[in-house]
Amino acid sequence: MKNMFRKLVAALLIMSMLLSGVSFAAADGDKTVNVGVTGTLATINPMLMDATEVVKYAVSLTFLPLVELNSKLEFVPMLAESITTEDNTTFTIKLREDAVWSDGQPVTAEDVEYTLVINSKPESGNIALLRYAIEGVSDEGMIESDATSISGVKVIDDKTLTITLKYPMALYTFESNFGRYLMTLPKHVLQSYDAAAVQSSEWFNSPDVISGPYFVTDYDLNHYVHFVANENYFMGAPKIKYLNFNILAASQLLSGLTSGEIDIIQQTMGDIPLEDYEAVQALDSVETVMGAPITNQMVFVNVNTVPDVRIRQALLCGIDRQTILEGLLNGNGEVVDGFLSSASPYFSEELGVTAYDPEKAAALIAEAAADGADTTITWHCNSGDSTMVQAVEFIAAMFAEMGLNIEIRTVNLDTLMSVASNGEHQVLSVQYTLPPVDPYTDIAWLLGGEGSWTNFGTDEINEALARSQTLTDPKEVAGEYLYINRVMQEQVPMLSAYIISGMGAVSKRLENARPDVFGTFVNVHEWDVK
């Protein structure tokens with residue numbers, strides 16, 4: 001009976017682990033590493049990519065970007081050996097001579113051209129690329145369904161192509177957008193499919209020809225993504241055979257690190273709760289890494305559904321952001337106005353920080369209400385971000401005393417992105433990591449007028465953004481962003497609740513791996529376990 005009981009307990013334990021998405025090393029001794037992730041993934045299909053970091057990293061393990069940012073915020077080669085420009089309009093991409101697909105076929109300029117073409121067709125759901133900037137692509141980012149080329153994309157030879165844009169773009173912006181978010185696809189495998197068939201193809205569920213270090217073997221986007229090493233990876237076969245993204249509640253990360261079931265947590269993919277920081281730091285088996293203050297806890301206000309600027313201004317001056325930072329984040333971060341953190345070369349202290357002023361906020365709300373403004377707003381936030389959920393609850397309680405009723409809606413990240421894209425929200429908050437070296441790409445979208453998350457934009461903002469792409473002096477570029485941030489202070493289409501200096505963690509059994517806001521997976525093929 002005792003043996004039967006033990007077997008039953010063991011079976012139940014294994015089943016529990018499987019249901020939680022936690023994976024273990026194979027019985028034959030092959031190495032396995034588990035990455036702790038909070039929040040579900042919208043997709044792992046590059047044709048359907050959004051701009052969230054967790055999706056970007058999951059996809060890029062299979063299909064490499066052209067370049068990637070490292071922890072020093074330098075662009076380093078991935079598929080591309082170099083990206084250059086002489087006029088900030090035509091960019092030359094030189095692919096690595098040694099870049100090959102997992103089937104041994106070379107990665108070519110035609111592959112990159114094919115990927116741009118297929119991603120620019122109406123059937124594509126990829127919203128992570130500034131396709132509309134390319135010469136020959138419509139302002140909506142589309143070409144005809146039967147098109148086989150784009151006039152602004154020219155193949156020079158097997159390893160070289162040029163992309164010509166409609167207007168100037170700084171090299172760092174091109175690298176940040178097209179370099180980091182264009183995941184090249186194998187033309188020789190997919191060219192027989194039409195665009196709609198490629199997007200919906202089962203091939204993407206488990207692609208058998210890849211450029212990256214890992215194949216996808218299985219996934220449940222609410223629980224896990226399982227990868228196996230690409231033994232033919234051109235940068236070197238990964239030392240870790242099995243890599244898993246295990247999607248957990250934030251509250252499970254500490255226990256996962258303690259038990260060894262989680263090996264690494266990257267700052268923008270896994271949200272270690274603030275209340276667990278000391279316990280994680282106390283683990284002898286784990287090294288913790290505090291990231292630079294880069295991840296912005298942004299609050300986006302839909303100006304179409306919150307049209308009274310006084311209500312929006314009340315949100316800016318009525319949130320006690322410093323108290324939230326100190327009380328919920330133990331001061332691990334900073335409070336700023338606008339979208340730039342102090343880590344950006346374009347950050348300007350001249351902007352200042354709007355002071356917490358509940359009396360002013362209450363007066364603005366009362367004035368707006370007297371003119372018929374709606375004083376009830378719905379606030380959507382990510383259920384996977386426990387810290388921000390607590391912050392919104394605190395904010396709602398404070399605003400109730402000022403005359404503004406905030407109805408909180410906590411939803412998972414996938415649903416939150418859907419709400420944002422459909423323009424159904426009034427206010428929503430989400431962690432948003434803007435590359436400090438390139439705020440242009442995100443701000444051009446977020447303040448891009450109708451269809452953006454804010455539905456706010458002006459000709460003056462567009463002109464300032466355009467000028468930023470022609471300047472080379474960082475101080476002059478900072479001046480353009482200072483102007484835009486001042487408009488944000490006045491009109492409040494979005495605001496920063498706080499900037500996070502988040503904690504990453506890595507098991508000491510894992511070698512050559514360091515969690516950081518950028519660059520964590522650049523050398524994933526070199527990770528090893530002791």
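Note that the structure is predicted; figures quoted are calculated from it, not measured.
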### Query
Side-chain contact, heavy-atom cut-off 4.5 Å: Ser429 with Asn382?
no
### Task
State whether the side chain of Gln266 and the backbone N or O of Thr268 hold a donor-acceptor pair below 3.5 Å, judged by distance alone.
yes
### Query
Backbone N or O of Leu130 within a donor-acceptor pair of the Asn177 side chain at under 3.5 Å?
yes
### Thr441 and Thr173 side chains, donor-acceptor separation under 3.5 Å
no
#### Entry: Carboxylate-amine/guanidinium contact Lys56 Asp50, below 4.0 Å
no
### Query
How far apart are the closest heavy atoms of Ile83 and Gly179, and which atoms are they?
CD1-CA, 4.3 Å
### Query
Would you call Ile44 and Tyr219 a side-chain contact if the rule is heavy atoms closer than 4.5 Å?
yes
### Message
Go through it in stages, so that I can follow the logic: the residues are Asp146 and Lys121, the test is salt bridge (charged side-chain N to carboxylate O under 4.0 Å, His left out), and I'd like the CA-CA distance, side-chain angles, deciding distance and then a yes or no.
### Response
CA-CA 8 Å; Asp146 59 354; Lys121 294 191 175 185; over 6 Å; no
### Summary
With sequence neighbours left out, the residues meeting side chain to side chain contact (heavy atoms under 4.5 Å, CB included) with Asp528 are Lys31, Lys239, Ile240, Glu511
### Query
According to the ring pair (Phe, Tyr, Trp, His ring centres under 6.0 Å) rule, which pairs have a member within residues 33-60, sequence neighbours left out?
Tyr57-Phe521
### Query
Regarding His188 and Asp103, is there a side-chain donor-to-acceptor distance under 3.5 Å anywhere?
yes
### Query
With a 3.5 Å cut-off and no angle check, do the side chains of Thr90 and Thr162 form a donor-acceptor pair?
no
### Task
Please report the shortest heavy-atom distance between Glu526 and Asn512, naming the atom on each side.
O-ND2, 2.9 Å
### Query
Are any of the side-chain heavy atoms of Val189 and Trp203 separated by less than 4.5 Å?
yes
### Message
The criterion is side chain to side chain contact (heavy atoms under 4.5 Å, CB included); which residues satisfy it with Asn70, sequence neighbours excluded?
### Response
Lys72, Glu74, Val76
## Note on the structure
When every non-hydrogen atom of Val289 is compared with those of Pro515, the smallest separation belongs to CG1-O, 3.5 Å
### Task
Evaluate the side-chain proximity of Pro46 to Phe204: yes if any heavy-atom separation is below 4.5 Å, no if none is.
yes
### Task
Give a yes or no on whether the backbone of Val216 and the side-chain of Ser206 come within a donor-acceptor separation of less than 3.5 Å.
yes
### Task
Mind checking ring-ring contact (aromatic ring centres under 6.0 Å, His included) for Phe456 and listing every partner two or more places apart, or none if nothing turns up?
none
### Expected output: side-chain Ser341 to main-chain Pro293 donor-acceptor under 3.5 Å
yes
### Summary
The residue among Val54, Asn222, Leu41 that forms side chain to side chain contact (heavy atoms under 4.5 Å, CB included) with Ile247 is Leu41
### Query
Taking only residues at least two apart or on different chains, which pairs with a member in residues 78-89 satisfy salt bridge (Lys or Arg N to Asp or Glu O under 4.0 Å)?
none
### Query
Is there a donor-acceptor pair under 3.5 Å between the side chain of Asn230 and the backbone N or O of Ala237?
no
### Summary
Glu144 and Pro122 have their tightest heavy-atom pair at C-CD, 4.5 Å
### Short N-O contact, Asp98 and Arg96, less than 4.0 angstrom
yes
### Task
Decide yes or no for Ile143 and Val117: does some side-chain heavy atom of the first lie under 4.5 Å from some side-chain heavy atom of the second?
yes
### Summary
On a heavy-atom basis, the closest approach of Ser211 and Leu64 is OG-N, 3.0 Å
### Task
Kindly write out the residues that satisfy ring-ring contact (aromatic ring centres under 6.0 Å, His included) with Phe91, not counting sequence neighbours, or none if the list is empty.
Phe174
### Task
With sequence neighbours left out, write down each residue that passes side chain to side chain contact (heavy atoms under 4.5 Å, CB included) with Thr38, or none if nothing qualifies.
Ala250, Leu253, Asp271
## Note on the structure
Residues pairing under salt bridge (Lys or Arg N to Asp or Glu O under 4.0 Å) where one sits in residues 206-222, two or more places apart or in two chains, turn out to be none
### Message
Any side-chain to backbone donor/acceptor pair from Ser452 onto Gly449? Under 3.5 Å, distance only.
### Response
yes
### Set of residues satisfying ring-ring contact (aromatic ring centres under 6.0 Å, His included) with respect to Tyr233, sequence neighbours excluded
His525
### Query
Between Tyr224 and Asn244, is any side-chain donor less than 3.5 angstrom from a side-chain acceptor?
no
### Query
Is there side-chain contact between Thr115 and Phe63, with heavy atoms separated by less than 4.5 Å?
no
### Message
For Gly519, is there any backbone N or O sitting under 3.5 Å from a side-chain donor or acceptor partner on Asp516?
### Response
no
### Query
CD of Gln267 to OG1 of Thr520: how many Å apart, nearest 0.5 Å?
6.0 Å
### Task
Name all pairs fulfilling the side-chain hydrogen bond (donor to acceptor under 3.5 Å, both in side chains) condition that reach into residues 151-161, sequence neighbours left out, sorted by first residue then second.
Lys94-Thr160, Asp157-Thr160
### Message
Using modelled atom types and a 3.5 Å cut-off, is there a donor and acceptor pairing between side-chain atoms of Thr258 and backbone atoms of Leu254?
### Response
yes
### Query
Would Asn34 and Glu261 count as a side chain to side chain donor-acceptor pair (under 3.5 Å) if you check the C-alpha gap in whole Å, the side-chain angles of each, and the deciding distance to 0.1 Å?
CA-CA 7 Å; Asn34 296 304; Glu261 294 162 10; over 6 Å; no
### Task
Verify the ring-centre separation between Tyr440 and Tyr481: is it less than 6.0 angstrom?
no
### Message
Test your reading of the model: is there a side-chain donor-acceptor pair from Glu476 to the backbone of Ser468, 3.5 Å cut-off?
### Response
no
### Task
Kindly say whether Tyr214 contributes a backbone atom to a donor-acceptor pair with the side chain of Thr62 at under 3.5 angstrom?
yes
### Task
Would you please test Asn232 and Ser102 for side chain to side chain donor-acceptor pair (under 3.5 Å) and show each step?
CA-CA 5 Å; Asn232 297 320; Ser102 57; over 6 Å; no
### Summary
Heavy-atom nearest pair, Val55 first then Ala42, reads CG2-N, 3.9 Å
### Any side-chain donor near an acceptor of the partner, Asp111 and Thr184, under 3.5 Å
no
### Message
Arg509: which residues meet the side chain to side chain donor-acceptor pair (under 3.5 Å) condition with it, sequence neighbours left out?
### Response
Asp263
### Query
Do other residues, nucleotides or ligands put more than 12 heavy atoms under 6.0 Å from the CZ atom of Arg467?
yes
### Message
Checking Ala466 now: which residues fulfil side chain to side chain contact (heavy atoms under 4.5 Å, CB included) with it, not counting sequence neighbours?
### Response
none
### Message
Under a 3.5 Å cutoff, is there a donor and acceptor pairing between the side chains of Gln297 and Ser496?
### Response
no
